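Heads up, the thing below is written out as structure tokens.
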There are 2 protein chains.
Amino acid sequence: MSAILPTSAEENYLKAIFKIAEKEPGPVLTNALAAEMGTSAASATDMLKRLSDKQLVAYEKYRGVTLSEAGSRLATSLIRKHRLWEVFLVDKLGFAWDEVHEFAEQLEHIQGENLTERLDDFLGHPRFDPHGDPIPDAKGRWQHRTQTRLLTLSPGQRGIVTGVDDHSPTFLQYLAEMGLSLGAELEVLERTAYDQSAKVRIGEREAVLSEKVGQNLFVRII
Amino acid sequence: MSAILPTSAEENYLKAIFKIAEKEPGPVLTNALAAEMGTSAASATDMLKRLSDKQLVAYEKYRGVTLSEAGSRLATSLIRKHRLWEVFLVDKLGFAWDEVHEFAEQLEHIQGENLTERLDDFLGHPRFDPHGDPIPDAKGRWQHRTQTRLLTLSPGQRGIVTGVDDHSPTFLQYLAEMGLSLGAELEVLERTAYDQSAKVRIGEREAVLSEKVGQNLFVRII
DNA sequence: AAATATTTTTAGCCTTGACTAAAAATAAAA
DNA sequence: TTTTATTTTTAGTCAAGGCTAAAAATATTT
């Protein structure tokens, strides 16, 4: 009766499939998965057979792969654990938001009864992680916010920073230097038509943000 | 220059060697190591070759093995991490002392800059884990207490519970039911010569503790 | 010291999760 | 529709970490 526990490698593939399917609905292709995992197509094919044997995915040769109900639940649970641990690392241990990904990548694979729920209790049931990404609840239900990319704001509009679409340490560090942490308020003062860069007010300061930043920063318009 | 990180399996062997060498000074024999790891002597031999290649142990065929300086530092660091995570699980997440071993066994292998020191700060630099075992400091220095087995107390002597020598969940649960948590005060009222069992007062209660319990419970005499 | 028993190592095999190179299937272009 | 390009799978290899069975070394008895 007891299902065998997936290995960490299997879990990472499930997360990758989930992540790709989130952006690009429909079956996930082997090459896309291999790219996401930073591995070869041959390795991905091998793993897809294993995941298929364990009923975690529906896999058809040459046709791509989709998560099964069980696989989807597992992926969601991993994302939940990853994000809860990130909250722990930032809120309790005092790490910066650009330092926690690698730790959480390991911590999400810790197995055992009740750990996640106790951690969630301890953290006060946070609904978003330090990057503003939603944390699914214990039943796998997702929160969803209405947020827009900074790029879409016109001069005069104001917003609150709610998240990022690029999680790289360099981007996160840059934002921190600019005072653009989660919850920061900003106002678009001007936008340059030529390159879509924007002059913005961040609290007291003024700064110019490139299109790339505008593309990767989520805000809630106020 | 950068030394390759040991795998979790290698780390577990180092811990096991450390643990055996602690009780039984001198080189650790292959069979003892295999028994401690719950594996075959052949597997232990394989691993000893790997550890020896990585200079983590000094291994001589048929003669047994001892930890190198590097191996010893690593084992100590693992014990430090294990015990700090146990403190976290009990003090912060509210687990009972018999529930945390398996979690800590996984958490001790989490790798990354500064995690242990931040965790130690967050926990307030505890010097003992939830079972009363000492937590080495960041430099690998050990605390040592003066503690005796309950078995050595004579009627009339009183003590404070400082630790256990048996970490099995069943023993720990039994102690908890008896009110014998860390720091509990007790007094030996009588001792039966025949089987070394003792009638003790634990706070308000009275109970009879077997020789086995007396053997596995550490106290500080007051 | 020789015979026997025990411990340890070697040899050969298995699985997981990688890899490369070659083959096969599918898709796109002529 | 046939050729060419792309994607995917298969085949064969490797390292880590386990296993069993057999061989070798060490220890213990007689």
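Just so we're on the same page: letters track the sequence lines, and every chain starts at 1. What you are looking at is a predicted structure, and each value in this text was computed from that prediction instead of being measured.
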Between P of D:dA16 and CG of B:L56, the distance in whole Å: 14 Å

Under 3.5 Å: donor-acceptor pair, side chain of A:R191, backbone of A:L153: yes

Phosphate-side-chain proximity, A:K49 and D:dT9, N/O vs OP1/OP2 below 4.0 Å: no

Test: B:E108 and B:R83 ion pair at under 4.0 Å: no

Any donor-acceptor pair under 3.5 Å from A:T152 side chain to A:T148 backbone: no

Listed pairs, N/O of protein and of nucleotides 6-8 of chain D, under 3.5 Å:
| from | atom 1 | to | atom 2 | distance (Å) |
| --- | --- | --- | --- | --- |
| D:dT8 | OP2 | A:N31 | N | 2.9 |
| D:dT8 | OP2 | A:N31 | OD1 | 3.4 |
| D:dT8 | OP2 | A:N31 | ND2 | 3.3 |
| D:dT8 | O3' | A:Y62 | N | 3.4 |

Whether over 12 other heavy atoms sit under 6.0 Å from B:Q173 CD: yes

Of all pairs that satisfy side-chain hydrogen bond (donor to acceptor under 3.5 Å, both in side chains), the ones with a partner from residues 17-35 of chain A, not counting sequence neighbours: A:K19-A:E36

Residues which pass side-chain hydrogen bond (donor to acceptor under 3.5 Å, both in side chains) with B:R80, listed by chain and number, not counting sequence neighbours: B:E117, B:D120

For DNA chain C, the residues among residues 16-27 of chain B that have a non-hydrogen atom under 4.0 Å from it: none

Between B:D98 and B:H167, a side-chain donor and acceptor under 3.5 Å: no

Residue pair A:N12 / A:H109, side-chain donor-acceptor N/O under 3.5 Å: yes

Over-ring placement of B:R149 relative to B:F218, 6.0 Å and 45° cut-offs: no

Short N/O separations, protein against nucleotides 13-20 of chain C, under 3.5 angstrom:
| from | atom 1 | to | atom 2 | distance (Å) |
| --- | --- | --- | --- | --- |
| C:dG17 | OP1 | A:T7 | OG1 | 2.5 |
| C:dG17 | OP2 | A:R50 | NE | 3.1 |
| C:dA18 | OP2 | A:Y13 | OH | 3.2 |
| C:dC19 | OP1 | A:T39 | OG1 | 3.0 |
| C:dC19 | OP2 | A:T39 | OG1 | 2.9 |
| C:dC19 | OP2 | A:S40 | N | 3.4 |
| C:dC19 | OP2 | A:S40 | OG | 3.0 |
| C:dC19 | OP2 | A:S43 | OG | 2.4 |

Residue pairs involving residues 28-87 of chain B (criterion ring pair (Phe, Tyr, Trp, His ring centres under 6.0 Å); sequence neighbours excluded): B:H82-B:H101, B:W85-B:F88

